[in-house]
Amino acid sequence: MPELPEVETVKRGIAPHVVGQRIMRVVVRERRMRRPIPRQFAARVTGRQIAGISRRGKYLLCDCTAGTLIIHLGMSGNLRVVPVDKPAEKHDHVDLRLSNGVALRLCDPRRFGLIVWTEDDPLRHPLLNGLGPEPLTAAFSGAYLILRARGRSVSVKQFIMDAKVVAGMGNIYANEALFMAGVDPRRSAGKVTAAEYGLIAKAIKRVLRRAIAAGGTTLRDFVDGNGQPGYFSQRLLVYGRAGQSCHCAQMIKTVKLGQRSTYFCPHCQT
DNA sequence: AGTGCGGCCTGTCCGC
DNA sequence: TGCGGACAGGCCGCAC
């Protein structure tokens, strides 16, 4: 499931193949995504040159001449560079055929993802407008978190998974970061101390950087822009490890917080 | 405003 | 072997 490190991995994987290329042809095989792909999509996008690829939270931004493609991979999406004549398989919904003979192919079995064309400032687009700071920037810190957490009663885990608080934190890395910070995910966000938020912010940055360095986390189906899995799953400390022992020898527990599976060590996280 | 929950969607896995 | 159901979860929209 692509979270921030996986999207960053995809971005780095596809960039060398697509930046500077022209979109010669757009093939839409399935319009039903989180937002239906409009009829005019192909006509709007065809002929544009790709100037660069960037990322905001879990959104990929494909900066083109006079417009931007905003792409989200949802739960199950992947974006790959393939030879233009490679036959499309099930769930290969969109191809962008490029001037260098490759296609950028969007595949998304669960169709939770989206691809949107905008000619306005993409960062002002309703999809991106309300996003919190990027976790790997100086704007994201313990001081910022304690400020935002004032009066919040939700669990600290739900709080750091709130995209309005910080962009791009998904379930896996929220669990890992709280373990690394030694903070119990069930605690109310408003009652976590400033010192603890300092640890949480540092842990978030550390786990995301490490995951990016490992090429992301592949649990079942994540592959990068070249079809390669990520290796961070081997380094997960608590996620998916209920019933196994923590390094402290205590058993890792699981509970549901906001409908999401939550993993923690009752001994290490207080 | 903040909170909680249902819905979207398919593949996988488990138990019967 | 087949089938139903639970689960995975990012994000949105709705109700309170």
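Residue numbers start from 1 in every chain, and the chains themselves are labelled A, B, ... in the order their sequence lines are given, proteins ahead of strands. Computed over heavy atoms, backbone and side chain alike; hydrogens, waters and symmetry mates excluded.
Between the A:Glu196 side chain and the A:Thr193 main chain, a donor and an acceptor come within less than 3.5 Å of each other. Formation of a donor-acceptor pair under 3.5 Å by the A:Asp224 side chain with backbone atoms of A:Gly215 is not found in this model.
Residue contacts for A:Lys256: at a heavy-atom cut-off of 4.0 Å it reaches the sugar-phosphate backbone alone, with no base atom in range. Backbone-only contact: A:Leu127 has heavy atoms under 4.0 Å from sugar-phosphate atoms and none from a base. Looking at heavy-atom distances under 4.0 Å, A:Arg111 makes contact with sugar-phosphate atoms alone, never a base. If you check every strand for non-hydrogen atoms under 4.0 Å, A:Arg152 touches sugar and phosphate atoms only.
The side chain of A:His72 places no N or O atom within less than 4.0 Å of a non-bridging phosphate oxygen (OP1 or OP2) of C:dG10. The shortest distance between the side-chain N/O atoms of A:Lys90 and the OP1/OP2 oxygens of B:dT10 is not below 4.0 Å. For the OP1/OP2 pair of B:dT3 and a distance below 4.0 Å, the side-chain nitrogens and oxygens of A:Ser153 include at least one atom meeting the criterion. Side-chain nitrogen and oxygen atoms of A:Ser76 include none within less than 4.0 Å of the OP1 or OP2 phosphate oxygen of B:dG11. For the OP1/OP2 pair of B:dA1 and a distance below 4.0 Å, the side-chain nitrogens and oxygens of A:Lys164 include no atom meeting the criterion.
Nucleotide C:dT1 is matched to nothing when pairs are restricted to Watson-Crick or G-U wobble geometry with both distances under 3.5 angstrom.
Counting to the nearest Å, the P atom of B:dT3 and the CZ atom of A:Arg260 are 16 Å from each other. Going from atom NE2 of A:His91 over to atom P of B:dT10 covers 7 Å, rounded to whole Å. In this structure, A:Leu114 atom CG and B:dC8 atom C1' are separated by 13 Å, rounded to whole Å. In this structure, CE of A:Met169 is placed 12 Å from P of C:dC11, rounded to the nearest angstrom. As a whole-Å value, the separation of A:Gln259 CD from B:dC5 C1' is 6 Å. Atom CZ of A:Arg34 is separated from atom C1' of C:dG13 by 12 Å (rounded to the nearest Å). Atom CG of A:Asp92 is separated from atom P of B:dT10 by 15 Å (rounded to the nearest Å). One atom, CG of A:Asp162, and another, P of B:dG4, lie 12 Å apart when rounded to the nearest Å.
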(request) Apply side-chain hydrogen bond (donor to acceptor under 3.5 Å, both in side chains) to the pair A:Gln158 and A:Ser155, showing each step before the final yes or no. (result) CA-CA 5 Å; A:Gln158 287 170 276; A:Ser155 72; 3.0 Å; yes
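For the pair A:Met33 and A:Ser155, nearest-nucleotide mapping onto DNA chain B gives the more 5' position to A:Ser155.
Closest to the side chain of A:Met161, out of C:dG10, B:dC9, B:dG11, is C:dG10.
A salt bridge links A:Asp162 to A:Arg152: one of the charged nitrogens lies within less than 4.0 Å of a carboxylate oxygen.
Ring geometry for A:Tyr59 versus A:His72: interplanar angle over 60°, hence perpendicular rather than tilted (30 to 60°).
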